[in-house]
A.B. asks: 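Let me give you the structure first, and then I'll get to my questions.
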Amino acid sequence: MKRIGVLTSGGDAPGMNAAIRAVVRVAMYKGLKVSGINRGYQGLIEGDIVDMDLASVGDIIHRGGTKLRTARSMEFMKEEGQKRAVEILKMFEIDGLVVIGGDGSFTGALKLHNLGFPVVCIPGTIDNDLWYTDNTIGFDTALNTVVSAIGNIRDTSSSHGRINIIEVMGRECGDIALHSGIAGGADSIIVPEFGFNIDKTAKTIIEGKNRGKLHHIVILAEGVGRPYEIADVIEHKTQMETRVTVIGHLQRGGTPTAYDRILASQFGEKAVNLLLEEKSGLAIGNKGAEIICVNIEDAISKKEMPKKTLYELANILSK
Ligand code: ADP
Ligand code: F6P
């Protein structure tokens, strides 16, 4: 292993830059050369590749987004695109690849591994939707952004005595909704994994109002969908004015938290070490403070389930 490549793919996540920085700096410390591949698998297929050095990752640890940019590549979904990617990697004398992204990017990385190219994955997505790791890079930052938004909305919710429905991201996974709902003291949390009963939600809100509650915050996971329709039904059932906020991409950017920066740095170091040990087809993660790895195949084999116990706790605390 003389030269490794690094790319970011899929949805960007705060902390990806800290991971890129760690990959480059640890690799160089260990005597490797590093190529940065721009725009994920699409840039790889197009040979959009630059040499990285210590300075090229300076001043990025605190920045959201990804310096290498990112993309979703349809071309890479086809076998022809994957074979082209391997051809390019060999042409640029890259001996191993670090892929930073979510489950889609991991699926792509597995294809490269199956074609015999050494690859390891770092989980970078705000969704926290990978079951094998406690955290993905970006989750903690997104969570804090959402909690801060809930705080702001709670102020105006209390002033007007309204119901405020807040839709948060997470594609098919309710982790951001559940965790931010607990940290933000939401009155109701609706996630796709545990289903929901709109009558129960309306009843909880009315009971809260009767006890003198001024604010009524409902956190809705993106995977449930239809926030405006749900708001109309809740307004009708409670006879209370209801507003909707879709936080959207606000929660995808911003300066990464210290936690995400440290996690990203550790994941980056582990990725370089695995490639140096001539390991391939592995996904890095954490169990508490321990940095772990599993086969990519296992990593993408099942869905992350938000913790039922946390969901039950949220229901108790929101009373
Ligand atoms: P994320 O990595 O955040 O889950 P996506 O699901 O959009 O994001 O996947 C990112 C990219 O990974 C896709 O645009 C595609 O290039 C690649 N990818 C996803 N699924 C596959 C697949 N089944 N085969 C090959 N490449 C894939
Ligand atoms: O996977 C990260 C994520 O932000 C999801 O939570 C969301 O569903 C999706 O990406 C949005 O993707 P896009 O980049 O297409 O807006």
Side-chain angles (χ1 to χ4, degrees), residues 7-16 19 37-46 48 64-66 68-86 88 97-115 117 119-133 135-143 145-146 166-180 191-193 219-227 246-254 260 281 283-285 296-297 299-301 303-304 306:
L7 63 79
T8 49
S9 164
D12 63 345
M16 277 183 164
I37 298 155
N38 289 315
R39 295 179 297 114
Y41 295 124
Q42 190 56 37
L44 173 56
I45 288 172
E46 293 171 15
D48 187 356
T66 160
L68 290 174
R69 306 187 52 220
T70 186
R72 292 194 166 101
S73 169
M74 290 316 287
E75 232 176 312
F76 187 78
M77 301 285 278
K78 300 186 205 118
E79 200 183 338
E80 208 184 312
Q82 294 150 20
K83 285 189 173 153
R84 172 79 184 142
V86 173
I88 294 277
L97 180 65
V98 180
V99 169
I100 307 169
D103 58 346
S105 305
F106 281 25
T107 309
L110 183 61
K111 302 279 163 74
L112 295 178
H113 169 73
N114 290 340
L115 286 170
F117 195 85
V119 57
V120 294
C121 294
I122 292 177
T125 164
I126 63 165
D127 296 350
N128 208 37
D129 57 352
L130 289 158
W131 71 271
Y132 75 93
T133 181
N135 289 80
T136 56
I137 297 169
F139 174 62
D140 186 62
T141 306
L143 196 55
T145 304
V146 172
I166 305 174
E167 187 193 88
V168 302
M169 274 185 166
R171 198 145 45 179
E172 297 297 309
C173 178
D175 264 26
I176 296 180
L178 179 55
H179 291 246
S180 67
V191 293
E193 292 88 347
I219 305 294
L220 182 69
E222 177 188 18
V224 176
R226 305 172 288 117
V246 177
I247 300 185
H249 292 84
L250 265 177
Q251 71 209 286
R252 271 257 292 269
D260 273 332
I284 295 159
I296 298 174
E297 229 158 359
I300 57 177
S301 65
K303 240 174 90 79
E304 156 84 359

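Counting convention: from 1, in listed order, for ligands and their atoms alike. A quick note: this is a predicted structure, and the numbers were derived from the prediction, not measured.
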A.B. asks: Hey, is ligand 1 close enough to Y41 that some N/O pair sits below 3.5 Å?
C.D. replies: no
A.B. asks: Check F76 against A85 and note the closest heavy-atom contact, atom names and distance.
C.D. replies: CE1-CB, 3.7 Å
A.B. asks: What is the closest protein heavy atom to atom 10 (O) of ligand 2, and at what distance does it sit?
C.D. replies: R252 NH1, 3.0 Å
A.B. asks: If you measure every N/O of D103 against every N/O of ligand 1, is any gap under 3.5 Å?
C.D. replies: yes
A.B. asks: Using heavy-atom distances, let me know which of G124, G102, G104, G138 sits nearest atom 17 (C) of ligand 1.
C.D. replies: G104
A.B. asks: Name the closest protein heavy atom to atom 6 (O) of ligand 2, giving the residue it belongs to and the distance to 0.1 Å.
C.D. replies: D127 OD1, 2.7 Å
A.B. asks: Between the candidates L130, I100, T107, which shows the shortest non-hydrogen contact distance to atom 22 (C) of ligand 1?
C.D. replies: T107
A.B. asks: Of the choices G40, G108, C121, which has the non-hydrogen atom that lies closest to atom 26 (N) of ligand 1?
C.D. replies: G108
A.B. asks: Polar contacts were defined as any N/O atom of the residue lying under 3.5 Å from an N/O atom of the ligand; does this apply to R72 and ligand 1?
C.D. replies: yes
A.B. asks: Hey, does G170 sit under 4.0 Å from ligand 2 if you only count heavy atoms?
C.D. replies: yes
A.B. asks: Out of S73, S105, S9, who is nearest to atom 15 (C) of ligand 1 when you count heavy atoms only?
C.D. replies: S73
A.B. asks: Is R72 near ligand 2, meaning one of its heavy atoms is under 4.0 Å from it?
C.D. replies: yes
